[in-house]
Amino acid sequence: QVQLVESGGGLVQAGGSLRVSCAVSTRTFSSFNMGWFRQAPGKEREFVAAINRSGSSTFYADSAKGRFTISRDNAKNAVYLQMNSLKPEDTAVYYCAASYLASWGTYLYIEDKYAYWGQGTQVTVSS
């Protein structure tokens with residue numbers, strides 16, 4: 001069973017930075033493409049960023065491009081989301097997820113391509 005635990009959320013002022021982390025308990029972490037999603041109050045969960053198994057490829061939602069960076073450390077079984085220039089509209093619960101698909105592709109923005117999810121971490125950006 002694959003378990004994901006997010007951490008690092010909190011309250012930050014607009015324009016500030018925050019890094020959220022996701023610890024993944026599995027012996028085969030490097031076999032998973034990983035993604036970050038978020039859900040704001042009253043809204044559906046949306047894709048933020050994805051990273052391939054080796055960490056050599058990434059892609060982002062338009063809302064995250066140029067501000068957020070996804071990375072991973074396969075030696076530590078962890079994936080990260082560095083968020084800079086935060087805006088109040090970035091306020092959401094942030095979830096990491098592990099895809100069941102071995103292949104890499106931009107379809108990884110789709111939620112149902114992910115088999116395992118964390119419980120989420122709250123990020124609040126004040127204006």
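Only a predicted model underlies this, so the values are computations on that prediction, with no experimental measurement involved.
- Between the Arg72 side chain and the Phe29 main chain, a donor and an acceptor come within less than 3.5 Å of each other.
- Under a 3.5 Å cut-off, the side chain of Asn77 and the backbone N or O of Thr26 do form a donor-acceptor pair.
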Run the side-chain contact (heavy atoms from CB on, under 4.5 Å) test on Met83 and Val123 for me, step by step, so that the C-alpha distance in whole Å, both residues' side-chain angles and the decisive distance to 0.1 Å come before the verdict. CA-CA 10 Å; Met83 301 181 287; Val123 172; 3.9 Å; yes
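- Heavy atoms only, all atoms of each residue included: Leu108 and Lys113 are closest at CD2-CB, 4.2 Å.
- Between Tyr100 and Asp112, the closest heavy-atom pair is CE2-O, 3.1 Å.
- How far NZ of Lys65 is from OG1 of Thr58: 10.5 Å, rounded to the nearest 0.5 Å.
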Working note: Phe47 + Phe59, criterion ring-ring contact (aromatic ring centres under 6.0 Å, His included); need CA distance, chi angles, decisive distance, verdict. CA-CA 10 Å; Phe47 170 77; Phe59 74 95; 5.0 Å; yes
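- Residues Tyr114 and Val24 do not share a hydrophobic cluster, defined by chaining ILVMFWY side chains whose heavy atoms lie under 4.5 Å apart.
- Cluster membership check: Tyr95 does not share its hydrophobic cluster with Val48, using side-chain heavy-atom separations under 4.5 Å among Ile, Leu, Val, Met, Phe, Trp and Tyr.
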Just distance, no hydrogens or angles: give the donor-acceptor pairs under 3.5 Å from side chains in residues 7-22, sequence neighbours left out.
unit_1, atom_1, unit_2, atom_2, d
Ser17, OG, Asn84, OD1, 2.9

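- With values rounded to the nearest 0.5 angstrom, Gln122 atom CD is found 7.0 Å from Thr91 atom OG1.
- From Ile70, atom CD1 reaches atom SG of Cys96 across 9.0 Å, with rounding to the nearest 0.5 Å.
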Enumerate, atom names and distances included, each donor-acceptor pair closer than 3.5 Å involving a side-chain atom of residues 31-39, sequence neighbours excluded.
unit_1, atom_1, unit_2, atom_2, d
Ser31, OG, Thr28, O, 2.5
Asn33, OD1, Arg53, N, 3.1
Asn33, ND2, Leu101, O, 3.1
Asn33, ND2, Ser103, O, 3.0
Trp36, NE1, Tyr80, O, 3.3
Arg38, NE, Glu46, OE2, 2.6
Arg38, NH1, Asp90, OD1, 2.9
Arg38, NH1, Tyr94, OH, 3.0
Arg38, NH2, Glu46, OE2, 3.1
Gln39, NE2, Lys43, O, 3.0

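- One distance of note links OG of Ser56 with CD1 of Ile51; it measures 8.0 Å at 0.5 Å rounding.
- Side-chain atoms of Gln119 do not come within 3.5 Å of backbone N or O of Val5 as any donor-acceptor pair.
- Between the OH atom in Tyr60 and the CZ atom in Arg67 there is a gap of 12.0 Å [rounded to 0.5 Å].
- A donor-acceptor distance shorter than 3.5 angstrom exists from the side chain of Asn52 to the backbone of Ser57, with no hydrogens or angles considered.
- Put simply, CG on Leu81 and OG1 on Thr121 are 11.0 Å apart, with the number rounded to the nearest 0.5 Å.
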